[in-house]
Engineer: 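Sharing a structure, written as structure tokens. Questions coming.
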Amino acid sequence: MTNYEAEFSNLVRAFRKKHMGKGPSSVRTTFCKNWAICEMEGNLSPVEQFIATDDDGKEMLRSARTKMVKNIYKKHHPVEMEEFLGAKYLDLYVDIDIDKDFGMSIFVFDDNLEKKFKQ
């Protein structure tokens, strides 16, 4: 992970903590073309971990987590990320594996981040 990718990871963690009350314990970012691909571990709160002990709870959490995260970025445009990258945020793709407490977010920007921040 480059310094830019590490700093972007910190922005993602802070954004999630601010708007969801808890951010992931670990975020690793890779810039690929115009994507910032974030792998996240330690996403679930203790209450969510308890809910995940039931199969219906797992499905409910996965659905809620993916929809809520996307909606948060629609409601609270990630200006800090745009300013840091010098690129416009366009879209977000999100998924989470509840059993592994491992999530992926792919942020789409209007500039080639890989070329821009290659070291």
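Side chains included, hydrogens not; waters and symmetry mates left out as well; all remaining heavy atoms used.
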Engineer: Gln49 and side-chain contact (heavy atoms from CB on, under 4.5 Å): which partner among Ile98, Asp101, Leu61?
Structural biologist: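 When Ile98, Asp101, Leu61 are each tested with Gln49, the side-chain contact (heavy atoms from CB on, under 4.5 Å) holds only for Asp101.
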
Engineer: Count the heavy atoms of every other residue, nucleotide or ligand shown that sit under 6.0 Å from NZ of Lys116, and state whether that count exceeds 12.
Structural biologist: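 Buried by this count: over 12 neighbours within 6.0 Å.
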
Engineer: Do side-chain atoms of Glu114 reach the backbone of Lys33 as a donor and acceptor pair under 3.5 angstrom?
Structural biologist: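 Confirmed, Glu114 side chain pairs with Lys33 backbone.
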
Engineer: Between Val12 and Phe102, is there shared hydrophobic-cluster membership here, with clusters defined by ILVMFWY side-chain heavy atoms closer than 4.5 Å?
Structural biologist: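 Val12 and Phe102: separate clusters.
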
Engineer: Kindly check if the number of other-residue, nucleotide or ligand heavy atoms within 6.0 Å of CE (Met68) is above 12?
Structural biologist: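 Counting neighbours around CE of Met68, 12 or fewer heavy atoms of other residues, nucleotides or ligands fall under 6.0 Å, so no.
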
Engineer: Anything under 30° is parallel, anything over 60° is perpendicular, the rest tilted; go ahead and classify Phe15 against His19.
Structural biologist: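 Rings of Phe15 and His19: tilted, 30 to 60°.
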
Engineer: Could you give the distance from OG1 (Thr2) to CZ (Phe117), rounded to the nearest 0.5 Å?
Structural biologist: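 It comes to 8.5 Å.
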
Engineer: Could you walk me through whether Arg62 and Asp97 pass the salt bridge (Lys or Arg N to Asp or Glu O under 4.0 Å) check?
Structural biologist: CA-CA 7 Å; Arg62 183 177 175 277; Asp97 183 316; over 6 Å; no

Engineer: Would you say that Leu44 contacts Lys22 through its side chain, given a criterion of any heavy-atom pair below 4.5 Å between the two side chains?
Structural biologist: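 No - every pair of side-chain heavy atoms lies 4.5 Å or more apart.
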
Engineer: Given the rule in the side-chain contact (heavy atoms from CB on, under 4.5 Å) test, do His76 and Lys18 qualify, once you have shown the distances and angles that lead to the verdict?
Structural biologist: CA-CA 11 Å; His76 304 280; Lys18 179 179 179 181; over 6 Å; no

Engineer: Do Tyr73 and Ile96 land in one hydrophobic cluster if side-chain heavy atoms of ILVMFWY residues count as linked below 4.5 Å?
Structural biologist: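 They do not share one cluster, since no chain of ILVMFWY contacts under 4.5 Å joins Tyr73 to Ile96.
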
Engineer: Starting at OG1 of Thr53, measure out to NZ of Lys58 and round the result to the nearest 0.5 Å.
Structural biologist: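 Nearest 0.5 Å value for the OG1-NZ distance: 8.0 Å.
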
Engineer: If I take atom CE from residue Met60 and atom CD1 from residue Ile51, how far apart are they, to the nearest 0.5 angstrom?
Structural biologist: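 Taking CE in Met60 and CD1 in Ile51, the distance rounds to 4.5 Å.
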
Engineer: Is there a path of hydrophobic side-chain contacts, each under 4.5 Å between heavy atoms of I, L, V, M, F, W or Y residues, that connects Ile37 with Leu90?
Structural biologist: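 Yes; tracing contacts between hydrophobic side chains, which count when under 4.5 Å, links both residues.
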
Engineer: Determine whether Val27 and Val94 fall in the same hydrophobic cluster, where Ile, Leu, Val, Met, Phe, Trp and Tyr are linked whenever their side-chain heavy atoms lie under 4.5 Å apart.
Structural biologist: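 Both belong to a single hydrophobic cluster.
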
Engineer: Taking 4.0 angstrom as the limit, do Arg28 and Glu41 come out as a salt bridge?
Structural biologist: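 Salt bridge: yes.
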
Engineer: Let me know which of Asp91, Thr29, Thr30, Val108 forms a side-chain contact (heavy atoms from CB on, under 4.5 Å) with Trp35.
Structural biologist: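 Of all the options given, the one that passes is Val108.
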
Engineer: Measure across Gly103 and Asn43 and return the closest heavy-atom pair with its distance rounded to 0.1 Å.
Structural biologist: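 Reported closest heavy-atom pair: N-ND2, 3.5 Å.
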
Engineer: What class does the angle between the rings of Phe8 and Phe107 fall in, given that below 30° is parallel, 30 to 60° is tilted and above 60° is perpendicular?
Structural biologist: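 Geometry flag for Phe107 against Phe8: perpendicular rings.
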
Engineer: Quick check on Phe50: does its CZ atom have over 12 non-hydrogen neighbours (other residues, nucleotides or ligands) under 6.0 Å away?
Structural biologist: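 Not buried by this count: 12 neighbours or fewer within 6.0 Å.
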
Engineer: Report yes if the side chains of Tyr89 and His77 come closer than 4.5 Å at any heavy-atom pair, otherwise no.
Structural biologist: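 They are in contact (side-chain heavy atoms under 4.5 Å apart), so the answer is yes.
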
Engineer: At what distance, to the nearest 0.5 angstrom, does CE of Met40 lie from CZ of Arg16?
Structural biologist: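 Those atoms lie 4.0 Å apart.
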
Engineer: Should Phe109 and Leu92 be counted in the same cluster of Ile, Leu, Val, Met, Phe, Trp and Tyr side chains packed under 4.5 Å apart?
Structural biologist: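 As far as the 4.5 Å side-chain criterion goes, Leu92 and Phe109 are connected within one cluster.
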
Engineer: Regarding Lys118 and the six-membered ring of Tyr4, is the cationic atom NZ or CZ under 6.0 Å from the ring centre and inside 45° of its axis?
Structural biologist: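 So Lys118 doesn't make the cation-pi contact.
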
Engineer: Using 0.5 Å steps for rounding, measure from the CG atom of Asn34 to the CG atom of Asp111.
Structural biologist: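 Nearest 0.5 Å value for the CG-CG distance: 8.5 Å.
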
Engineer: In Å, rounded to the nearest 0.5 Å, how long is the span from CE of Met81 to NZ of Lys88?
Structural biologist: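 These two atoms lie 16.0 Å from each other.
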
